[in-house]
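Inspection log for the structure reproduced underneath, given as structure tokens.
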Amino acid sequence: MNDSSGVSRLRAIPSGVWALGLVSLLMDFSSEMIHALLPVYLVGAMGASMAEVGIIEGVAEATASIVKIFSGALSDWFGRRKQLAIIGYGLAALTKPMFPLAPNVAWVMAARFIDRVGKGIRGAPRDALVADIAPASIRGAAFGLRQSLDTIGAFLGPAVAVAAMWFSANSIPFVFWIATIPAALAVVVLAFGVREPEASRPPRPARFPLHIEEVRRLGGPFWIVVAIGVVFSLARFSEAFLILKARDVGLPVALAPLVLVVMNVVYAGASYPVGAFSDRGDRKTPLMAGLVALVAADAALAVADHMPLVWLGVALWGLHMGLTQGLLAALVADVAPAALRGSAFGVFNLASGVALLAASAGAGALWDAFGSASAFWAGALLASLALVGLAAGGGRIGRSPRRGELAR
């Protein structure tokens with residue numbers, strides 16, 4: 001893609017997608033300020049074990065995924081996606097003060113649980129709203145742009161956290177308080193900056209949103225995409241373990257957020273161009289390249305005994321995310337019926353979240369029992385198996401809609 005066509009494609013992305021990207025940027029700015037320091041805060045200040053960290057992170061993400069299936073279906077049922085997204089972002093903003101006030105591990109787990117409920121409420125309706133707003137011919141670029149903006153927030157947050165740690169003489173609760181500000185701004189931008197298209201409000205029968213007939217209407221290609229998402233999640237556990245690995249190798253606690261800065265700079269840089277590339281007709285190749293990057297990241301982190309190798313592993317992890325996360329969302333939008341997009345994103349995220357729970361809990365248990373290398377080698381093995389499976393299968397799943405094709 002030449003520069004002029006790239007600029008034209010960016011200009012073609014509707015303003016509503018840009019606004020949703022800004023909302024994601026602000027909320028991830030807030031969340032990653034907290035998450036960049038939370039693992040070392042749990043282990044260092046509260047005495048949590050690696051297994052407890054894995055369970056907390058896994059349960060948090062699984063909770064978000066379970067809630068997404070209901071919120072996505074409700075957004076289809078009511079034909080109103082924006083209102084649910086506001087509720088979800090608002091709940092997450094309200095829970096941010098719980099982190100600096102937390103007196104123990106149980107309190108932190110409760111805060112993470114409620115925060116992820118908010119994420120679950122907003123996630124599927126927001127992704128379905130992106131699919132509703134963006135034309136099918138630039139869907140990969142639209143999801144890539146939203147993911148890139150989301151990830152810009154994810155590296156700005158940890159970067160500001162480092163500065164706030166220096167300013168406050170390493171006061172982690174102080175950083176957590178600062179994180180409440182961008183979370184509140186995200187809700188304001190969503191409320192006043194995003195207009196829901198009428199096309200996302202089809203007439204629906206007044207019945208329970210998870211009706212079995214609607215699940216059947218999702219179709220075989222959708223369930224193949226779900227299977228791909230599950231395998232990817234099993235191969236990748238929580239980024240909290242990247243921070244803890246860097247700490248074990250010798251990174252000072254005050255600089256722990258830099259791990260997420262490095263990861264998310266690469267993530268943000270890759271997401272949009274990869275999404276735009278996939279709109280040319282090939283989503284499968286970047287997904288396979290993402291698994292190769294994950295295998296390399298796990299291998300580097302498994303053997304790392306000095307920081308340069310840790311930084312390489314972290315950067316490769318970010319490359320994996322940039323190559324895969326936006327495309328998985330675009331694949332769901334490609335194969336799901338338009339009237340059931342919210343439900344489709346909910347089901348997809350539920351399955352992926354349960355897999356991530358298993359992966360994070362397993363990684364924590366392996367780390368406690370056999371050391372950090374065992375967790376990363378296990379991740380490399382699962383990613384390798386996923387790569388073989390994707391190379392052997394996938395078929396037409398990796399083909400994006402061509403320009404001029406009707407959106408589902």
Please check if the side chain of [X] supplies one atom and the backbone of [Y] the other of a donor-acceptor pair under 3.5 Å.
| X | Y | result |
| --- | --- | --- |
| Lys82 | Val194 | yes |
| Trp107 | Met98 | yes |
| Ser30 | Pro182 | no |
| Asn264 | Leu260 | yes |
| Glu32 | Phe29 | no |
| Asp368 | Ala51 | yes |

Rounded distance [0.5 Å steps], [atom1] in [X] versus [atom2] in [Y]:
| X | Y | atom1 | atom2 | result |
| --- | --- | --- | --- | --- |
| Phe241 | Asp298 | CZ | CG | 12.0 Å |
| Arg81 | Leu20 | CZ | CG | 12.0 Å |
| Lys245 | Phe376 | NZ | CZ | 6.5 Å |
| Ile152 | Leu26 | CD1 | CG | 11.5 Å |
| Leu287 | Leu331 | CG | CG | 6.0 Å |
| Ser360 | Phe237 | OG | CZ | 8.0 Å |

Close side-chain approach of [X] to [Y], heavy-atom, < 4.5 Å:
| X | Y | result |
| --- | --- | --- |
| Ser374 | Trp367 | no |
| Leu312 | Leu309 | yes |
| Tyr267 | Gln325 | yes |
| Ile86 | Gln83 | no |
| Phe99 | Arg112 | yes |
| Leu294 | Leu316 | no |
| Arg247 | Val43 | yes |
| Trp377 | Leu366 | no |

Derivation of the side-chain contact (heavy atoms from CB on, under 4.5 Å) call for Val266 and Trp317: CA-CA 9 Å; Val266 180; Trp317 196 286; over 6 Å; no
Pair Lys96 + Asp115: basic N to acidic O under 4.0 Å: yes
What's the shortest heavy-atom distance between [X] and [Y], and which atoms?
| X | Y | answer |
| --- | --- | --- |
| Val295 | Ala380 | CG2-O, 3.9 Å |
| Val17 | Ala142 | CG1-O, 3.8 Å |
| Leu149 | Leu25 | O-CB, 3.2 Å |
| Pro257 | Ala254 | CD-O, 3.7 Å |
| Ala336 | Ala344 | CB-CB, 3.5 Å |
| Leu251 | Trp311 | CD1-CZ2, 4.1 Å |

Verdict with supporting geometry, Asp127 and Arg146, side-chain contact (heavy atoms from CB on, under 4.5 Å): CA-CA 9 Å; Asp127 288 343; Arg146 193 210 65 79; 3.9 Å; yes
Evaluation steps, side-chain contact (heavy atoms from CB on, under 4.5 Å), between Ile87 and Arg122: CA-CA 7 Å; Ile87 292 170; Arg122 71 182 184 252; over 6 Å; no
Option among Ile243, Leu244, Val105, Leu38 that satisfies the side-chain contact (heavy atoms from CB on, under 4.5 Å) test with Val53: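 When side-chain contact (heavy atoms from CB on, under 4.5 Å) is applied between Val53 and each of Ile243, Leu244, Val105, Leu38, only Leu244 qualifies.
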Phe370 atom CZ, neighbour heavy-atom count above 12 within 6.0 Å: no
Parallel, tilted or perpendicular: ring planes of His320 versus Phe232, cut at 30 and 60 degrees: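 It falls in the parallel class, under 30°.
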From CA spacing to verdict: side-chain contact (heavy atoms from CB on, under 4.5 Å), Tyr89, Arg126: CA-CA 10 Å; Tyr89 278 104; Arg126 180 205 61 212; 3.3 Å; yes
Aromatic ring proximity, centroids under 6.0 angstrom, Phe176 and Tyr41: yes
